[in-house]
Structures are given as structure tokens and as C-alpha cells.
Amino acid sequence: MKEMLTINNLTKSFGKKTVLKGIDFKISEGEIVGLVGANGAGKTTIMKSILGLASYQAGEITIDGKMVSTTSHQALEEVGALIEYPGIYPFLSGYDHLKLFSENNTKEELDEIVADLHMTDYINRKAKSYSLGMKQKLGIALALLNRPRLIILDEPMNGLDPQATRDVRELVLKLSKKGTSFLISSHILGELEKIVDHFIILNKGKIIQAMSVEELNAGHSHYVMLTTTDNEKAKEVLTAAKYELQVDRSVKIKMSENADLANIIQVLYDNKIQINDVRHQENDMEESLLNLLDQKDGGKA
Amino acid sequence: MLTLVKQETFKLLKKKSTPIISILLTIFIFGVAIISKMNPKIFGAKDLFVGGFGATFFIVMIMVASASTIVAMESQFGTIKDLLYRKYSRGAVLSSKWLTVFIYSIYLNVLVIVASIVAKVIFLPDLSFAEKVGNQMIIGALTTSLAGNFVNLWLIISLVLLLASAFNSSGASIAAGIGFYFLTSILSGIQILVITKWDWVKWNPLNMMNLSNQLSAGKTFEALTHLTTNQLIWGNLGYTAVFLFLGYLVFKRKNV
């Protein structure tokens with residue numbers, strides 16, 4: 001597939017502090033990429049660099065083959081964005097905002113954006129009366145103007161209610177199917193998981209992992225949690241039997257090919273320990289990601 | 001660029017204050033004309049007409065506020081990123097704002113001329129258009145006076161635009177613009193003394209603000225400013241260009 005965005009060795013410093021360290025990634029036409037990382041990892045700085053809002057010391061950013069920098073903006077003709085928080089003129093209505101920034105959309109297209117985001121009820125009201133979620137939706141609507149081929153959304157789900165979150169998700173998927181590429185950052189990984197093709201995981205200005213949703217999910221673990229008549233003794237005997245135990249009040253055993261529940265029960269039975277309760281636990285994507293960040297951080301949280 | 005100017009004009013026209021200002025300015029001019037009609041000995045119709053019925057002062061205040069707001073509001077409302085990430089350069093974005101302010105300043109001056117003529121026709125029919133001030137007819141004198149004020153106005157506006165680019169709120173630039181305007185009157189006496197002692201001080205920007213007075217008073221004012229009218233015009237334009245250029249440099253380096 002055709003590459004829409006290419007970032008090569010992007011490096012940026014603020015004074016002596018290097019905030020982006022050789023960032024490399026690509027987004028193809030119609031692909032949705034999630035940018036994930038802790039606060040201060042460099043997500044917004046990358047997005048601002050792509051949008052020609054922030055300068056960088058080294059590297060290259062191209063959109064559809066055309067270079068982007070603070071002084072070279074031509075390639076941004078095909079880009080829409082919502083960065084940090086939506087900028088809203090309080091004296092304009094929502095629809096005035098759309099008319100203001102739309103350069104080539106028909107009225108029907110504007111109405112379609114409004115309908116897709118369920119903004120019809122308040123689009124003609126002055127934006128100063130909007131709630132946080134309404135402003136956020138207007139910010140997203142503005143990013144969709146002028147039929148962009150690449151859309152950059154920084155924390156788009158901020159302040160949105162569940163219905164609005166679903167509206168945005170469906171809109172992103174609909175546009176992606178038509179060939180629009182997306183770069184989306186979010187702290188709500190569960191939301192990103194539902195729409196992105198790939199994750200780029202950032203930590204302290206570096207990409208520590210680029211992987212598909214399936215690959216990140218593969219890091220999931222399955223645990224069995226037992227409550228027994230003597231948990232401490234159960235932990236001792238299971239550890240001695242080479243099972244991998246997690247720190248927990250109950251007896252939490254990481255399941256693997258070698259860890260079979262029947263064998264675990266047998267070990268406990270042999271040691272005269274009765275099982276009072278058995279529960280299963282899956283760790284989710286968030287935990288997988290935190291584990292990944294933890295590993296790359298040398299075990300420090 | 002045309003798209004950007006259209007966008008800036010759209011925002012300006014959508015502000016409630018824009019039509020209200022035009023209406024208030026017209027009412028003010030009509031009001032002063034009525035007062036002149038009622039008290040012709042105290043408020044001479046000819047002098048008032050030539051001075052645009054005192055509306056030039058309000059043009060300065062309105063334009064200082066508008067110029068400051070048009071730049072600073074983008075940072076204030078967080079819309080600066082939406083303007084700057086698009087295909088246009090920062091220079092084009094800023095120039096479109098300058099151009100919109102320029103168009104607005106022309107509009108307000110034309111409004112004052114038209115409203116002054118209408119006020120004269122309705123309320124001061126005894127004042128003839130054929131009357132002269134110096135060797136100019138009154139409409140010519142009104143236009144000359146407004147033209148001088150316009151050049152001075154742009155010196156102030158350029159300073160305001162520079163400060164509005166530097167700060168994220170309009171307050172500081174509005175205060176500086178108004179302060180600069182009043183400083184001219186406050187320091188005029190001292191300035192004359194200082195210029196007499198050190199001739200080079202005549203090139204300071206406050207002295208440039210005497211252009212409209214010199215255009216009205218003619219040669220007599222030259223003795224105070226130590227500059228010819230042409231020198232004052234070029235001085236004003238030079239300072240305006242410098243302030244605009246500095247504003248551009250600040251805007252270009254602005255962190256968003």
C-alpha cells in the first residue's frame with residue numbers, strides 16, 4: 001500500500017534535553033496507527049512536528065512524499081488534526097467554525113460530518129455555550145474538513161460520553177475504509193484497540209515497540225487464583241514444584257503449557273491442602289503494555 | 001492568501017462588536033453635529049467637520065483593540081494551532097491579519113468621511129462645502145486630516161501588532177497602544193525642549209505622531225518637530241515597517 005506518512009530518525013531537543021530520539025515509523029494509506037506512551041513520552045511533540053508546528057534538530061518527515069517542516073507546509077494541504085485540545089472561537093457557532101475552515105467541502109459534506117458526530121442539535125449555537133464533549137466533537141469535525149488523506153488526533157476521546165466515543169470510532173473506521181490514514185494517541189487503550197491496525201509504543205522519546213494489535217494481545221497472560229486452607233504452604237509447595245507464582249494474597253499461578261490445573265490440584269492434594277475457591281484471570285492489553293514499559297525501563301515503574 | 005483574508009474578515013464580521021462599533025461611531029458623529037448646531041459659537045461647525053467631528057480619537061481606540069485582538073485571540077482561544085498547521089506559512093497567516101486590519105482601518109475612515117458629510121448635510125446646512133480651511137475646501141481638509149491620522153494610526157497599530165504577537169493575551173498590547181497614543185500629548189512639551197537640545201531626538205517615534213498636527217498647522221509646526229512633512233511621513237512609514245517586521249520575526253518563532 002502507498003505510504004502516506006514517513007518519519008525517519010526524527011530527533012528533537014529542548015535545550016540539553018533530548019525529547020525525541022531517532023523516531024522512525026510509517027503509515028500507509030487507510031492505516032490507523034495508535035501512538036501510545038506515558039505522559040511526557042513525546043506523543044504530542046511527534047504530532048506537532050508532523051504538523052510543522054514544532055521544529056526538529058534531525059531527521060525527516062514526509063507526507064505523501066513531500067517534506068514537512070516549520071517552514072515547509074505545502075504537504076499539509078491533505079492533513080487534518082486535533083492537537084491537545086480543540087481551539088474554539090466563542091463568538092462563532094459550531095457551523096460557523098465548519099464554514100470558516102472549510103475550503104472545498106460542499107454543504108452536504110458539512111451536514112454529513114455534523115450528522116455522523118450527532119451534533120445537529122447544537123451546531124448552530126454559539127460555541128461558548130458548548131460542554132467539554134461538544135467542543136471535543138467540534139474539534140474532531142474540524143479535523144475532518146477539506147477531505148484530508150491523513151488525520152492526526154491527539155487524545156480524541158477526551159471528554160466524550162460513551163455514545164460520542166462510539167460515533168468517533170465508527171467515523172474513523174468508515175474514513176479509513178475510504179483510504180484516509182490516521183495517527184491517534186490515546187490513554188484509553190481499550191478504545192484504541194478497537195480501531196487501530198498498529199501500535200507504536202513510546203517511552204521517554206524513543207519507540208520501544210511497534211506492533212500490531214494481535215502481537216500486543218499475544219502478550220496476554222492467563223492466571224489461576226486459588227484460595228486454599230493454607231495459602232502460605234500452598235505457595236511453598238507449588239514454588240518447589242516449579243510453578244510460576246505471582247505476588248498476591250491468594251495463590252496466583254501463571255498458566256502456561258507446562259502448568260496444568262489437574263497437576264496443580266494433585267500437588268496440593270498430596271500436601272493435604274484443600275482448595276476452597278478457584279478463579280481465572282486474564283491480564284488485559286493495558287497490563288501487557290505496562291509490563292512492556294516496565295521491562296524496557298529495567299524493571300522500574 | 002485570499003482565503004486567509006476571507007477567514008479573518010469572516011471572524012471580524014461575526015463579532016457582535018463590529019456592527020455595533022459602526023453604529024456607535026455614526027451616532028457619535030451625528031451627536032456632535034447636533035451639539036454644534038445647538039451651540040455654534042462654542043463648537044464651530046467648520047473645525048468640527050474638518051476634524052471628523054472628533055471621531056478620529058475613537059478610530060485609534062477601536063483599531064488598537066481590534067489589531068491586538070485579531071492576533072492575540074488565537075493564543076487566547078487555542079486556535080493558533082488550527083491556523084498554523086495548515087498549508088499556509090506563518091508569514092501568510094500573519095499578513096492576512098495585517099491586511100484585514102488595514103481593510104478595517106480604511107473602512108472606519110471612509111465611514112467617518114461619509115457620516116461627517118451626511119451629518120453636515122442634515123444638521124449643519126449652513127456650512128457650505130465651498131468654505132475653505134487654508135487653501136483647501138472643507139472636504140479636502142477633512143480628507144487630509146484623516147490621511148495624516150491614518151498614517152499615525154498605522155504607526156500605533158504596527159506597535160500593537162508587534163506586542164500582540166509576543167504576548168498571548170491582548171491586554172498588554174492594548175495598554176501599550178493606548179499608552180503610546182497618550183504619551184505623545186503628555187510628553188510633547190518635554191519633547192520639544194529635548195529636540196531643541198539634541199537634534200537627533202527628532203527621529204523618535206513619538207515625534208512622528210505629530211504628522212496630523214503638522215498637516216493641519218503647516219509650516220509653524222515644523223519649527224517644533226524639526227522635520228518636514230515629507231520626513232514625518234517617511235519616518236512614520238519607516239517605523240511602521242520596522243515594527244511589522246519585528247512582529248513577523250516574533251510570530252515566526254512563536255511556540256505553539
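In what follows, chains are A, B, ... by sequence order, proteins preceding strands, each numbered from 1. Quick note: numbers below take in every heavy atom, side chains included, and nothing from hydrogens, waters or symmetry partners.
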Would you check if B:Trp203 and B:Gln231 make a side-chain contact, meaning some heavy-atom pair closer than 4.5 Å?
-> yes
Do the ring centers of A:Phe101 and B:Phe10 come within less than 6.0 Å of each other?
-> no
Side chain, backbone, both or neither: which part of A:Glu103 has a heavy atom under 4.5 Å from chain B?
-> side chain
Indicate whether the side chain of B:Asn207 and that of B:Asn204 have a donor and an acceptor atom separated by less than 3.5 Å.
-> no
Output the option from A:Lys48, A:Lys99, A:Glu77 having the highest count of non-hydrogen pairs under 4.5 Å with chain B.
-> A:Glu77
Here the gap from B:Asp82 atom CG to A:His97 atom NE2, rounded to the nearest 0.5 Å, amounts to 8.5 Å
Any idea how A:Tyr89 and A:Phe91 line up, ring-wise: parallel (<30°), tilted (30 to 60°), or perpendicular (>60°)?
-> tilted
Which of residues 59-76 of chain A get closer than 4.5 angstrom to chain B, counting heavy atoms alone?
-> A:His73, A:Gln74, A:Leu76
So which bits of residues 121-128 of chain A come within less than 4.5 Å of chain B, counting non-hydrogen atoms only?
-> none
Test log, rule ring-ring contact (aromatic ring centres under 6.0 Å, His included), inputs B:Phe30 and B:Phe123 | CA-CA 8 Å; B:Phe30 286 7; B:Phe123 305 110; 5.6 Å; yes
Residues from residues 51-58 of chain A approaching chain B under 4.5 Å (heavy atoms) | A:Leu51, A:Leu53
Below 4.5 Å from any heavy atom of chain B, which atoms of A:Leu100 appear? Answer side chain, backbone, both or neither.
-> both
Taking A:Asp116 for its side chain and A:Leu171 for its backbone only, find out whether a donor-acceptor pair lies under 3.5 Å.
-> no
Between CH2 of B:Trp98 and CG of B:Leu161, what distance do you get to the nearest 0.5 Å?
-> 7.5 Å
Using non-hydrogen atoms and a 4.5 Å limit, figure out which bit of B:Glu74 sits close to chain A: side chain, backbone, both or neither.
-> side chain
Straight-line distance of B:Leu25 CG to B:Phe53 CZ, nearest 0.5 Å | 12.5 Å
Could you tell me whether A:Lys206 atom NZ has more than 12 heavy atoms of other residues or ligands within 6.0 Å of it?
-> no
Distance-only donor-acceptor check, side chains A:Ser93 and A:Asp96, under 3.5 Å | yes
What distance do A:Leu144 atom CG and A:Leu175 atom CG have between them, rounded to the nearest 0.5 Å?
-> 6.0 Å
Does A:Glu31 reach the main-chain N or O of A:Ser28 with its side chain, forming a donor-acceptor pair under 3.5 Å?
-> yes
Let me check something: any side-chain donor-acceptor pairs from residues 240-256 of chain B under 3.5 Å, sequence neighbours excluded? List them with distances.
residue	atom	partner	partner atom	Å
B:Thr240	OG1	B:Asn236	O	2.7
B:Lys254	NZ	B:Ser165	O	2.8
B:Lys254	NZ	B:Asn168	OD1	3.0

Most contact-rich option vs chain A, by heavy-atom pairs under 4.5 angstrom, among B:Lys15, B:Lys81, B:Lys6, is B:Lys81
Do the charged groups of A:Glu112 and A:Lys174 touch, with an N to O distance under 4.0 Å?
-> yes
What distance separates A:Ile7 CD1 from A:Asp24 CG, expressed to the nearest 0.5 Å?
-> 9.0 Å
Which one, B:Arg86, B:Gln7, B:Lys14, leads in non-hydrogen pairs under 4.5 Å with chain A?
-> B:Arg86
